[in-house]
Trainee: 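For reference, the structure I am asking about is given below.
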Amino acid sequence: MDKEKLNSIRHSCAHLLAAAVMELWPDTKRTIGPAIGDGFYYDFDFGDQKISEEDFPKIEAKMAEILKTWAKFEKKEVSVEEAKQFYQDNPYKLELIDEFSKEGQKITFYKSGNYKQSLKPSQSSGFEDLCKGGHSENPQKDIGAFKLLSVAGAYWRGSEKNKMLTRIYGTCFPTQTELDEYLKLQEEAKKKDHRKLGKDLDLFVFSDVVGKGLPLLTEKGTTIRRELERMVVDEELKRGYLHVITPPLAKVDLYKISGHYPYYKDTMYPVMKVDDEELILRPMTCPHHFMLYKSKQRSYKELPIKYAEISPQFRYEKSGELTGLMRVRVFTLSDAHIFTRDTQAKQVIKDVLDLIDYFNKAFGLKKGKDYRYRLSLGERSDEKKYYKDDEAWEKAENILREVLVESKAPFFEAKNEAAFYGPKIDIQLKNVSGKEETAFTVQYDFVMPKRFDLKYIDEEGKEQQPVVIHRASIGALERTMAFLIEKYGGAFPVWLSPIQVMIVPISDQNLKYSQNVLEQLKDSNIRVQIDDKAETMQAKIRNAQLQKIPYMLIIGKREESENKVAVRTREGKDLGAIDLNEFIQKVKSEIESKSSL
RNA sequence: GCCGAAGUGGCUCAGUGGUAGAGCACGUUCUUGGUAAGAACGGGGUCACGGGUUCAAUUCCCGUCUUCGGCUCCA
């Protein structure tokens, strides 16, 4: 079924939900109820009434009852006055009506069913709602199966300043089979949740005493993190980046000069007073790198200068925003700031996109399928949010757009998503449940160089101002780890696996030879362990399998006498007995090439 | 931060107005095995924390903390 048809069914189902709610709680004020990616929702103002998931069976039963009377939707055009009369007690609908009429839109109602509706004050028959349309022809026939999923608070019109409404989420499908299929897929996705896998595979933990949003990486999680860091540093050094280390703490003045302070005050940790200095944990690294740049006079011959850092940063995220490793309060950015002449900027940005493509490829992510580009633009009229310089914005946005077009990157444009100092290209990654998040970013900054008075000397000996490109190659390492855990479902490619090989001696008599094998693997820098517990071989294999260790080496009398190892993969394949050196070479080359199993 | 839900041994969960139970994990002993769980015995919980109701609270009520689903925000 095409998406449009499915959406129309879901939108119809949202009406059905509203109808049921109005029947059950007649004083409720309804607002809006669109179809969304996975289903639909409807926002209500229930007044003092509390609604929870315990009410779902009751609501669903009422929906089923009402649906029997819904054979079609009738469209009716009404005057503004009529509409306002109908919704006289509902400020939300009144606001919408005013808005529509101001925009010169026609006001339409859609009605379905013929039962008596307890809708004050009209007491009309059937369920009537202000709506722009987009319904199924025959809801009775089309809504084959529906289910309410969750209840949540949501601000009216998405603004924190407005009243919080009660949102009910649901989904529906033409058939029960499709609904069951959907629910099953959701369950499957849950199994890949990085928080669950992080616990199961012992990658990271949280402690109430340490604090929320502050993950503790175990030795296994740390191994993955270290491999990622090594990969980033090695590749960036190859590409001419200069890796530096700057302090995660600095005087608050630094962020006042940069202009970050007023914008990000709410998400920065409070100032610490020490002696007569005011210090702050850094929420970003940019100004630190600027000071390095400014530490000496720069010539055009040096540009572009690419300072990179594996950089811990501190942001006070609201408690409700924290999620596993995806959103934390201390994160580590694979950060860099490139100081360039504006004429070189385009090439610099292209190089950055190429680097990001390189990493994505290493992670097995496909352009267009797993990730796409978002050109995040400013909003000229919003002078509070964005630095005012229309010409510079225009120029910067065009450069970024040209880069995307010229490199034939799949991208879309989004207004009002830029940084305050310039537009950016965000690399949007899809997670297991299909949700898109910003993973990496490239930003064009024409503001900071001014604020910090950054300069270089050109061919004619004159002072010029460079442009700064901010970029994160593999983003925040915490978030990237979360993505990768979910992408691989915990079965990491060999190079990332915390334990690459598990040695399984069949009996105690094979321990000595196993120890010998262990030493040889270790000498080759392979991460290996030996399971010397007094358990059966089957139990040891099961344990290694559950830990998703890529290779198991079964060692018994036969292997010992032939100086071999019997290799089993985590997919359950028995590769048979092979020469130990041959196995070592195989694993080493897989690690070297970062190939997936 | 806001709306809703949840918190019981290391993990996954059951259960109760009369101070708790399973499986896995852990420890000891026995078993020495050929590609996903060998057996017996044992240790381990202020039932998140604080207050209230009650003769009695892990259970009921209130508050706090943490986690989860959303909203807002975001790398």
Side-chain angles (χ1 to χ4, degrees), chain A residues 36 41 43-44 46 50-55 149-169 190 193 195-196 199-200 202 205-213 264 266-267 283-285 311 313 315-328 330-335 417 419 424 426-427 429 437-441 443 470-472 474-480 482 504-511 533-546 552-559 566-570 572-577:
Chain A
I36 51 171
Y41 69 76
D43 285 349
F44 301 97
F46 280 100
K50 293 237 185 267
I51 297 299
S52 79
E53 288 179 24
E54 282 174 31
D55 296 305
L149 298 173
S150 63
V151 52
Y155 300 106
W156 168 237
R157 317 216 80 176
S159 168
E160 226 173 339
K161 292 181 191 99
N162 290 339
K163 186 170 175 176
M164 181 163 271
L165 306 168
T166 303
R167 174 171 298 179
I168 298 177
Y169 282 96
K190 256 192 215 157
D193 188 309
R195 290 166 297 190
K196 177 174 163 38
K199 204 182 265 180
D200 291 351
D202 193 29
V205 294
F206 287 90
S207 151
D208 288 1
V209 182
V210 174
K212 57 184 155 192
Y264 294 111
D266 291 346
T267 55
M284 62 274 303
T285 311
S311 161
Q313 307 183 166
R315 294 189 193 171
Y316 173 77
E317 304 288 355
K318 291 190 207 163
S319 59
E321 289 158 1
L322 303 169
T323 327
L325 291 183
M326 277 291 179
R327 276 301 272 292
V328 293
V330 182
F331 66 99
T332 317
L333 203 61
S334 54
D335 211 354
E417 291 280 359
K424 50 183 185 158
D426 293 316
I427 285 78
L429 214 60
E437 297 242 26
T438 299
F440 323 129
T441 172
Q443 309 170 352
H470 305 237
R471 52 108 274 201
I474 65 163
L477 292 170
E478 289 76 8
R479 178 174 284 187
T480 303
V504 177
I506 292 180
S507 90
D508 286 0
Q509 284 139 40
N510 312 113
L511 270 179
K533 286 202 215 83
E535 281 177 305
T536 59
M537 175 205 63
Q538 286 88 340
K540 292 178 190 179
I541 288 175
R542 180 167 193 272
N543 281 336
Q545 196 88 42
L546 288 174
M552 287 150 248
L553 298 184
I554 318 295
I555 290 175
K557 270 189 217 134
R558 291 208 294 266
E559 288 71 26
V567 182
R568 181 194 158 103
T569 70
R570 66 183 156 202
K573 262 193 276 178
D574 185 352
L575 302 186

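Order of the sequence lines fixes the chain letters, A, B, ..., with proteins taken first and strands second; residue numbering starts at 1 for each chain. Below, all heavy atoms of this structure are taken into account, side chains as well, without hydrogens, waters or symmetry copies.
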Trainee: Using only heavy-atom distances, decide whether a donor-acceptor pair under 3.5 angstrom links the side-chain of A:Y155 to the base of B:rG1.
Mentor: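 Yes, a donor-acceptor pair under 3.5 Å.
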Trainee: By nearest atom, which of the nucleotides B:rA36, B:rG1, B:rA75 is closest to the A:F331 side chain?
Mentor: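 Taking heavy atoms from C-beta onward, the closest nucleotide is B:rA75.
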Trainee: Return the nearest nucleotide to the side chain of A:K50; candidates are B:rC3, B:rG4, B:rG1.
Mentor: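 Closest of the options to the side chain of A:K50: B:rG4.
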Trainee: Measure from NZ on A:K212 to C1' on B:rC65 and round the result to the nearest Å.
Mentor: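 Computing the A:K212:NZ to B:rC65:C1' distance gives 8 Å.
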Trainee: On the nucleotide B:rC74, are OP1 or OP2 found under 4.0 Å from the side-chain N or O atoms that A:T438 carries?
Mentor: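 False: A:T438 side-chain N/O out of range (4.0 Å or more) of B:rC74 OP1/OP2.
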Trainee: Nearest whole angstrom, please: distance from the C1' of B:rC74 to the CD of A:E437.
Mentor: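 It works out to 9 Å between those atoms.
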Trainee: State which of B:rU66, B:rG38, B:rG69 makes the closest approach to the side chain of A:D208.
Mentor: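 The listed nucleotide nearest to A:D208's side chain is B:rU66.
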Trainee: Kindly point out which of B:rC71, B:rG4, B:rU35 is positioned nearest to the side chain of A:V151?
Mentor: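 Taking heavy atoms from C-beta onward, the closest nucleotide is B:rG4.
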Trainee: Rounded to whole Å, how long is the line connecting atom OH of A:Y169 with atom P of B:rG70?
Mentor: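 Taking OH of A:Y169 and P of B:rG70, I get 7 Å after rounding.
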Trainee: Which of these nucleotides, B:rA75, B:rC73, B:rG34, is closest to any side-chain atom of A:E321?
Mentor: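 Nearest nucleotide to the side chain: B:rC73.
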Trainee: Heavy atoms from C-beta onward define the side chain here; which of B:rG1, B:rG34, B:rC71 lies closest to that of A:R558?
Mentor: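 Between B:rG1, B:rG34, B:rC71, the one nearest the side chain of A:R558 would be B:rG34.
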Trainee: Tell me: CG of A:D200 to C1' of B:rG10, nearest whole Å?
Mentor: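 In whole Å, B:rG10 C1' and A:D200 CG are 13 Å from each other.
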Trainee: Please pick, from B:rA36, B:rG33, B:rG1, the nucleotide with the shortest atom-to-atom distance to any side-chain atom of A:Q545.
Mentor: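 My answer, after comparing the listed nucleotides, is B:rA36.
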Trainee: In terms of side-chain heavy atoms of A:Q509, which of B:rU32, B:rG1, B:rC26 is nearest?
Mentor: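 For A:Q509, the side-chain atoms sit closest to B:rU32.
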Trainee: So, is A:K424 near the phosphate of B:rA75, with a side-chain N or O under 4.0 Å from OP1 or OP2?
Mentor: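 Result: yes.
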Trainee: In terms of side-chain heavy atoms of A:K318, which of B:rG1, B:rC11, B:rG33 is nearest?
Mentor: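 Of the options given, the side chain of A:K318 lies nearest B:rG1.
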Trainee: I want to verify a distance call: between B:rG69, B:rA36, B:rU72, whose nearest atom is closest to the A:A152 side chain?
Mentor: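 Minimum distance to the A:A152 side chain belongs to B:rG69.
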Trainee: Base of B:rA75, side chain of A:E317 - is there a donor-acceptor contact under 3.5 Å?
Mentor: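 Donor-acceptor pair under 3.5 Å: yes.
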Trainee: Is it true that A:E160 and A:K318 make a salt bridge, defined as a side-chain N closer than 4.0 Å to a carboxylate O?
Mentor: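 Judged by the 4.0 Å cut-off on N to carboxylate O distance, A:E160 and A:K318 do form a salt bridge.
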Trainee: Which whole-number value in Å describes the distance from A:K533 NZ to B:rG27 P?
Mentor: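 A:K533 atom NZ is separated from B:rG27 atom P by 8 Å.
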